Amino acid sequence: MDEEEEQRQGVWSWGAGTDGQLATGSLQDEIIPRFIRSLSAYGPIVSLSCGGAHVIALTPGGRVLTWGRGTSGQLGHGESVSSSQANVVKELEGFVITHVSAGWNHSGFVSETGAIFTCGDGSFGQLGHGDSNSQLYPRQVAYFASKPVEQVACGMRHTLVLLAGNVEHPVYGFGSGKRGQLGISTDNVKSTSLPQITLGLENLKIISIHANGDHSSALSADGSLYTWGRGFRGALDTYIPCLSDVAFPVSKVALGWNHALLLSREGDVFMLGGDRHGALSDPQKMPSTADTSSSAGEPEENITQIISGPANVKVVQIAAGAEHSAFITDNGSIMTLGWGEHGQLGLGDTNDQTAPQVVCLDRISAWGDATPRVYCGSGFSFVLMTRI
Amino acid sequence: MSYDDVEIEDMEWNQELQAFTYPCPCGDLFQITKEDLRLGEEIARCPSCSLYLTVIYNMEDFQENSNKKAEPPKPQPVAVA
Ligand SMILES: [Zn+2]
């Protein structure tokens, strides 16, 4: 890549690295953000999706790069090997990919024309091809051939799909449904390898879908949040999407394995569940976050405000790993909290944090006032800074 | 404190590791061997971190004198379309 490209984007990664997911070229954990030379020869990366131990990157022209754990074929290169360096997914080169999602060990890709492709572990039917085979190359999900897709969200063992346009049934699910994460039936459906309609979202304008662990959620255009799957904080599992009792319009959602982060339109961050967030390594230390007041109408005190914007600081972006969380504030700070055993908080140690801490990046001054973007995989994190 | 409780039928048999596994939030896998289960062990550990799982299973299913093969039912993806 030429020097100009290199200067347009800075990439940092930290946390668990044993599968090459940090793209540092090594398999070591990093406890402080490690600067990586630009990953892309195709221009600055537009967005990332981080999974169990692999990463999918989108380039400006709709190309796809992957790296990290590839043992189930989730990198889409036709083999089941891991890579600590970014490689373009050649099988998708004829398509302009606009949306991607990395699950625990599987991957989803959506093209500009609404086609959806999946690869990786298919043991639970999470690839949607009607079987439980794994795929080493991205394979188009035939079920959606005549239903254009807009987004895909890959969880631990399940996949959600959001259709494009205004349709009666906007969301579909496939893969494991053991905890209700597909939302396809009030009965306990163990799994389905063919897409089925997620109930309870009829005629809603859904703008984003999310999956991680055994959790699922969807956000509607008016800021209503629907959740289904594994219950938060020991609550019962939900088999049909349920309107979340949140007292404010939600603008962004990020799911972990035991918590959900909600960003309000005012720039405040709330956490659903996560009663052991930041206290996994040391159970004595239960979260005593900045403000533990529950929001109105939540008798179980299931919602905690974790960043209450001090006067003029607002959060603009959120990301959730399995057991950690990251935010970007409008003054460009990167903050993390949660489980830190692999250095995934990027604070220079392996401690847990129950309250947000500021992450320092080296060489950051070179990117001036560019706004960072943060992405979290199960036990690791990435930051992109792009000069406009 | 156990990270989670998981039923043996939700764990996957990993031929390479010769162990039942379940995803760990660190990115690695919680693991427990058939021998562990025979001995009544109910903790599955992750080789990469300090977390552990509690495995819920019926010990009789893993006794040597049991005629049954000590394999849990594999997840059977059923298409109900
Ligand atoms: Zn682990």
Side-chain angles (χ1 to χ4, degrees), chain A residues 15-19 21 29 51-54 68-69 71 104-105 121-126 130-132 143 156-157 174-179 184-185 187 189-197 213 256-258 276 279-284 321-324 339 341-342 344 350 377-380, chain B residues 1-34 36-37 41-58 61-62 68-81:
Chain A
T18 43
D19 293 284
Q21 63 265 55
D29 289 4
H54 72 294
R69 182 161 62 207
T71 47
W104 168 253
N105 268 342
D121 187 1
S123 314
F124 296 83
Q126 65 265 54
D131 57 37
S132 56
Y143 183 90
M156 183 193 288
R157 293 169 167 178
F174 43 93
S176 173
K178 187 92 193 281
R179 308 298 300 264
I184 57 176
S185 166
D187 299 331
V189 177
K190 243 178 161 182
S191 68
T192 171
S193 59
L194 282 173
Q196 290 196 44
I197 291 166
W257 285 13
N258 284 297
R276 287 157 71 196
L280 275 183
S281 302
D282 181 6
Q284 310 300 92
E323 293 290 348
H324 70 293
W339 188 40
E341 188 170 343
H342 284 270
Q344 60 265 56
T350 54
S378 281
F380 63 101
Chain B
M1 193 174 178
S2 172
Y3 177 65
D4 204 355
D5 297 342
V6 171
E7 290 172 28
I8 190 75
E9 65 161 23
D10 290 327
M11 298 187 78
E12 293 181 86
W13 176 251
N14 185 308
Q15 194 64 35
E16 205 176 315
L17 298 170
Q18 286 292 302
F20 292 98
T21 67
Y22 192 81
C24 176
C26 79
D28 205 339
L29 296 168
F30 292 112
Q31 305 172 17
I32 192 164
T33 64
K34 283 181 190 168
D36 290 336
L37 295 166
E41 176 64 62
E42 51 181 31
I43 299 300
R45 293 182 192 281
C46 171
S48 298
C49 72
S50 67
L51 302 184
Y52 58 90
L53 273 188
T54 305
V55 182
I56 299 164
Y57 69 106
N58 188 347
D61 296 345
F62 293 90
K68 281 195 299 176
K69 268 205 98 184
E71 295 270 355
K74 264 205 80 175
Q76 293 286 328
V78 184
V80 202

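Chain letters run A, B, ... following the sequence lines, proteins first and then strands; every chain starts at 1. All figures in this text were calculated on a predicted structure; none of them were measured in a lab.
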Requested in this report: Keeping the roles fixed (side chain from B:Y57, backbone from B:L37), state whether a donor-acceptor pair exists under 3.5 Å.
Outcome: yes

**Report entry** B:Y52 side-chain N/O to B:M1 backbone N/O, donor-acceptor pair under 3.5 Å
**Finding:** yes

Query raised in the report: Is any side-chain heavy atom of A:W257 closer than 4.5 Å to a side-chain heavy atom of B:P23?
Result: yes

**Report entry** Side chains of A:S281 and A:W339, donor plus acceptor under 3.5 Å
**Finding:**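 Judged by distance alone, the side chains do pair up.
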
Report summary line: Cut-off 4.5 Å, heavy atoms of chain A, and the answer for B:E16 is neither

Query raised in the report: Side chain, backbone, both or neither: which part of B:D10 has an atom under 4.5 Å from a heavy atom of chain A?
Result: both

Query - Choice from A:R157, A:R69, A:Q21 maximising heavy atom contacts with chain B below 4.5 Å - result: A:R157

Query raised in the report: With a 4.5 angstrom heavy-atom cut-off, which part of A:N105 approaches chain B: side chain, backbone, both or neither?
Result: neither

